[in-house]
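In what follows, a single structure is set out as structure tokens and then discussed.
Quick note on labels: first sequence line is chain A, next is B, and so on, each numbered from 1.
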Amino acid sequence: MSQAQDARYQPQAIEQKWQTAWEQAEVFTARRDPAKPKYYVLEMFPYPSGRIHMGHVRNYTMGDVVARYKAAQGFSVLHPMGWDAFGMPAENAAMEQGGHPKDWTYGNIAVMRDQMKPLGLSIDWSREFATCDPEYYGQQQAMFIDMLHAGLVYRKNAVVNWDPVDMTVLANEQVIDGKGWRSGADVERRELTQWFFKISDYSAELLEALDGLKDWPEKVRLMQRNWIGQSRGLQFAFGAVNAPEGFDRIEVYTTRPDTLMGASFVGISPDHPLAKHLERHNPDVAAFVADCRKIGTTEEALEKAEKKGFDTGIRVRHPFDDAWELPVYIANFILMDYGTGAIFGCPAHDQRDLDFANKYGLPHPDVFFALDNDTPVDATAFVPPKTEKVRYVRGFAGEEVQTGADAVEAAIAFCEANGVGHGVTQYRLRDWGLSRQRYWGCPIPVVHCDACGVVPEKKENLPIALPDDVSFDQPGNPLDRHPTWRDCVCPSCGAPAKRETDTMDTFVDSSWYYARFTSPRADTPTDKAETDYWMNVDQYIGGIEHAILHLLYSRFFARAMVKTGHLPDSAKEPFNALFTQGMVTHEIYMTLDDKGRKIYHLPEDIEDGKLKATGEAVTIIPSAKMSKSKKNVVDPVNIINAFGADTARWFMLSDSPPERDVEWTSAGAEATYKHLGRVWTLCDKIAAMGVDQPSDADTDLLRAMHHAIDAVTKAVENFAFNKAIAELYAFTNTLSKSQASGTAQVTAMKTLAQLMAPMVPHLAEDIWERLGGEGLVAQAPWPKADPAMLVADTVTLPIQINGKRRSEITVAADASKEEVEKLALADDAVVKALAGNPPRKLIVVPGRIVNVVV
RNA sequence: GCGGGCGUGGCGGAAUGGUAGACGCAAGCGACUUAAAAUCGCUCGAGCCUUGCUCGUGCGGGUUCAAGUCCCGCCGCCCGCACCA
């Protein structure tokens, strides 16, 4: 090719060329190589919604930087990709547009795979799978059966959102202001028998093991810790005065037994057995409980709802005083799932209890006061930290002045000694309900037999595949109304039986895909040789929105897989390191129509704050997460077509720290494209210089090069890709201005290509080739910084006078503290400020700063 | 409501308790050009009595020789809340 043709950066040609070269050389095929250390990089796999978006580009580019960097460091890298393919949107599409969820899903996967491949990601596509492949969910069913036998799965009643018009179960997001999203009908809470994983058996372990996850963000560990919610408290029973038969004791759980003398009422959940009993016999209770059940099933809805109670008329005796009677209320904010579903209220020291007491005219006796204040509680409860010492005026155990924590322990000890209940450790974490009354999910492989009850399927009958001949022209689960699919024989007695029609929560699918990637075609869920080599995931990357549910479920599921022999014990914490990346945002463009309704416009239709088509000015709303409804989306495909994948990748990594949100701007994308073009041109210039005689400027350039190697390496290791890119800019500027010899410049440029390769792999390959690099840069070892080239001879120290910068001195890098002090005191500004007096204090931080206090 | 996080120039951001604003964008000025684009060079937190000084990291306090960084109290925005993925 001639120089003239080469003179412009043409990403489209370059990118196609190198993607083909990588594919032919099978560079990214993961190989189990006992001679090499392994490295498993995984990004949270995408839901096949139909098109990739910039969030995907950012997520996968970050993973790709790590994968390529680790490969250059000599690791055998596993970097797979798959599809989280079950879920509601496919069924919604089938209902809205006709067609079949399967066709919609696989169609989307094909489109998205085609959109993803031009990004040049170092993915081993031979391992690709979708969770809706029967080969995948069949293995999931096999594990479900193993877990059932291992006592990790059970059935119990649980509440769902029921749409009485559509006669179907709704997801929380389908309930809008208490109404069904399609029917608009008031949603009811309804109890169904459902399948559960016994994650609560692992509450303590999942909590304790968080301490070992050193390479997880502290915030995620804290969120999980709070979610699991370990608490120490007292469980005891109030004896009822006038309760219906069978309810003469009401068990309550409290984390504040020290406030027992401040009790003013007992509250029970609307789902408490006593409430249910009363509901059947008392129309007023029934009306109240029915009202409570209109509140959604989410904790958020419950907490935000107005706190209401109903006086049952039942009275209980205080455990310390037979004459002291407390009223029993049914209260809408008490959860049946937590503790015993019943509490006692101590209004003086709990704001919610106080609001409740004030609303219903109940007393609120103070139990303790602050040491310096004894104002009785009125409208604001006194809730100091448990670690703070307070003075007990209605205490019954321990010291008069003690911390809340000490008082709780003393109260538990006192109660146990006096036969009033016992200390217990509770967890907020509830068992994982996995039943979904939907078609597009993994069928739960059990059979209902009149004689044998609920029986797991035989493994040789797996996969229990979804039937294809279903329709979505009516609401509800098509499996329920399929003419033949449910019919089967009982695996136990051989009599005719019916299949379970519930399918699994899609969180089950995503709780083990990382393990399946190690042997995606195995005819067992996992293959021991492969999991032994590849597990754990060394670096997991995804959104912070998954901080709790997905990551906690995966941690549990890995343990369940260990227990059932599908993972080695060493894999019970499957993700060694976690990184949570921020979102991609964009400003929003809006106009109003003649009726004042908001109309949103795509960024590509806007120029200089005006609509391209009509010239109408648009209102610019500050950046928000890219969403279809606000139309503030930029299609990666358009960016790749216009600027190339390397520009999209580089821009997604530059500027913003990876854990924070990044705003996509067209100016930023264009600037990136220009920069990559400059690098490309610089390479041309340097290639033309060739090998020549050394120059005086060589050392400076090579020092800058080693500094860049060191800085970029550290930045990539620390996930500070924006800083790595800032260093690459700085080094590029140095190189482009350098007067060094051609020999040195070629060395520097080749190193630049290597350092850029994880971010912009296509451009890097092209530079590498033009400068005569051996093989592919994708397979070249990572450059090493020479420590001798990193140390400077002299260092400039700022001099502060009373903490404000006033001057600076340049000293030898190895100057002693005494020498620095001497030089600092001789500095003009210091001499002037001291005016002949000795300094009151002289602080020298070697290599950093000097502070003179006058 | 509860749990978690974030907040620094016109913008994205940098800064082991140690020179606030690295690096980039935008803008301005200049060079080149018939011209524009591209490219290259310079300037770029605010104010002032401009060799320098004062103020400045959401707001109000505090600790320290020294605070964007640590502590206390607020405000705003974002994520999660168990059937969205």
Side-chain angles (χ1 to χ4, degrees), chain A residues 44-47 49 84 86-89 158 160-161 169-175 194 199 217-227 229 297-305 307 333 337 351-352 428-438 505-507 509-510 543-550 552-553 580 582-583 585 622 624-625 651 654-657 659-663 665 667-668 670-672 674-675 677-678 681 720 722-723 725-730 733 736 796-808 839-843 845 847-854:
Chain A
M44 290 179 185
F45 65 165
Y47 179 79
S49 57
D84 188 13
F86 275 137
M88 287 198 312
V160 294
N161 301 304
V169 176
L170 299 178
N172 286 334
E173 72 158 12
Q174 295 174 318
V175 179
Q194 310 217 60
I199 190 172
E218 185 52 44
K219 62 181 169 185
V220 175
R221 293 194 286 164
L222 189 55
M223 280 190 256
Q224 291 210 353
R225 205 167 280 137
N226 291 338
W227 184 262
T297 55
T298 71
E299 198 171 305
E300 183 186 2
L302 215 56
E303 290 285 340
K304 280 184 176 168
K307 308 296 180 287
F333 56 85
D337 295 312
Q351 189 61 44
R352 193 172 58 185
R428 203 185 75 101
L429 180 64
R430 311 201 291 257
D431 275 333
W432 171 11
L434 68 116
S435 297
R436 295 293 181 270
Q437 294 71 40
R438 273 186 259 286
D505 177 9
T506 56
F507 274 126
D509 311 337
S510 55
I544 185 69
E545 65 273 22
H546 296 293
I548 295 173
L549 292 181
H550 163 60
L552 191 58
Y553 287 155
T580 55
M583 299 179 301
T585 66
K625 180 178 181 170
F651 181 57
S654 63
D655 292 352
S656 286
E659 67 277 15
R660 250 197 263 176
D661 292 351
V662 62
E663 180 174 6
T665 61
E670 279 161 28
T672 297
K674 282 183 198 172
H675 174 73
R678 276 195 292 272
T681 312
N722 56 323
K723 283 187 252 175
I725 283 185
E727 292 290 346
L728 289 167
Y729 270 112
N733 290 342
S736 69
T796 300
L797 297 180
I799 296 188
Q800 293 183 336
I801 294 167
N802 291 342
K804 288 185 191 293
R805 184 188 176 283
R806 284 295 180 262
S807 183
E808 61 183 34
R840 285 176 52 201
K841 209 166 187 179
L842 183 58
I843 294 140
V845 183
R848 299 298 313 196
I849 203 163
V850 179
N851 193 5
V852 186
V853 185
V854 299

- Spell out yes or no: do the side chain of A:E299 and the base of B:C81 have one donor N/O and one acceptor N/O closer than 3.5 Å? no

- Is a side-chain N or O of A:R436 found less than 3.5 angstrom from the main chain of A:D505, in a donor-acceptor match? no

- Message: Show the nearest heavy-atom pair for residues A:L797 and A:I849, with the distance to one decimal.
- Response: CD2-N, 4.0 Å

- Item | Side chain of A:K674 - closest among B:A38, B:A85, B:C65 | B:A38

- Remember a base hit wins even if backbone is also touched, and classify A:S510 as base, sugar-phosphate or nothing at under 4.0 Å, heavy atoms. nothing

- With a 4.0 Å cut-off on heavy atoms, is A:W227 in touch with a base, just the backbone sugar-phosphate, or nothing at all? base

- Query: Checking all strands, does A:A671 fall into the base, sugar-phosphate, or nothing category for heavy-atom contacts under 4.0 angstrom?
  - Reply: sugar-phosphate

- Query: Reckon A:G87 touches a base, only the sugar-phosphate, or nothing at all at heavy-atom distances under 4.0 Å?
  - Reply: sugar-phosphate

- Task: Check every atom of B:C53, B:A85, B:A38 against the side chain of A:H546 and return the nucleotide holding the closest atom.
- Result: B:A85

- Task: Would you mind classifying the nucleic acid contact of A:Q437 as base, sugar-phosphate or nothing, using non-hydrogen atoms under 4.0 angstrom?
- Result: base

- Evaluation steps, side chain to side chain donor-acceptor pair (under 3.5 Å), between A:S510 and A:D84: CA-CA 7 Å; A:S510 55; A:D84 188 13; 4.7 Å; no

- Query: For A:T580, which of A:H546, A:E545, A:K219 qualifies under side chain to side chain contact (heavy atoms under 4.5 Å, CB included)?
  - Reply: A:K219

- Query: What nucleic acid atoms does A:K219 come within less than 4.0 Å of, heavy atoms only: base, sugar-phosphate, or nothing?
  - Reply: sugar-phosphate

- Message: It should be established whether A:N733 places a side-chain nitrogen or oxygen under 4.0 Å from OP1 or OP2 of nucleotide B:G24.
- Response: yes

- Message: With a 6.0 Å cut-off (strictly less than), is the heavy-atom count around CZ of A:R225, excluding the residue itself, greater than 12?
- Response: yes

- Task: Taking the side chain as every heavy atom from C-beta outward, state whether A:L842 and A:V850 have any pair of such atoms under 4.5 Å apart.
- Result: yes

- Task: Would you tell me if any nitrogen or oxygen in the side chain of A:R660 comes within less than 4.0 Å of OP1 or OP2 on B:G7?
- Result: yes

- Spacing of the P atoms in B:C29 and B:A36 (rounded, Å): 13 Å

- Query: Dot-bracket for RNA chain B: what is it, with Watson-Crick or G-U pairs under 3.5 Å, [ ] where a pair crosses earlier ones, and | for a pair to another strand?
  - Reply: (((((((..(((.....[....))).(((((.......))))).((((...))))..(((((..]....))))))))))))....

- When you get a sec, tell me which of B:C55, B:C84, B:A26 is the closest nucleotide to the side chain of A:A667? B:A26

- Ignoring hydrogens and angles, are the base of B:C65 and the side chain of A:N851 linked by a donor-acceptor pair under 3.5 Å? yes

- Query: Does a side-chain heavy-atom distance below 4.5 Å link A:I544 with A:M223?
  - Reply: yes

- Query: With a 4.0 Å cut-off on heavy atoms, is A:L222 in touch with a base, just the backbone sugar-phosphate, or nothing at all?
  - Reply: sugar-phosphate

- Note on the structure: When rounded to whole Å, the OH to C1' distance for the pair A:Y729 and B:G12 reads 11 Å

- Query: Looking across every strand, which nucleic acid part, if any, lies under 4.0 Å from A:L429 by heavy atom: base, sugar-phosphate, or nothing?
  - Reply: base

- In whole angstrom, what separates A:Q174's CD from B:C84's C1'? 9 Å

- Assigned chi class of B:U43 under the 90° convention is anti

- Task: Give one of base, sugar-phosphate or nothing for A:V850, where a contact means two heavy atoms less than 4.0 Å apart.
- Result: nothing

- Message: By the 4.0 Å heavy-atom rule, please label A:V845 as base, sugar-phosphate, or nothing.
- Response: base

- Task: Answer with base, sugar-phosphate or nothing: what part of the nucleic acid does A:V220 contact at a heavy-atom distance below 4.0 Å?
- Result: nothing

- Message: Heavy atoms only, 4.0 Å cut-off, all strands: where does A:G229 land among base, sugar-phosphate and nothing?
- Response: nothing

- Short side-chain N/O contact to B:A66 OP1/OP2 from A:R806, under 4.0 Å: no

- Query: Should A:N226 be listed as having a side-chain N or O under 4.0 Å from OP1 or OP2 of B:G4?
  - Reply: yes

- Message: Using a 4.0 Å heavy-atom cut-off, does A:D337 contact any base of the nucleic acid, only the sugar-phosphate backbone, or nothing at all?
- Response: nothing

- Would you classify A:Q194 as touching base, sugar-phosphate or nothing, given that sugar-phosphate means primed atoms plus P, OP1 and OP2, and contacts are heavy atoms under 4.0 Å? base

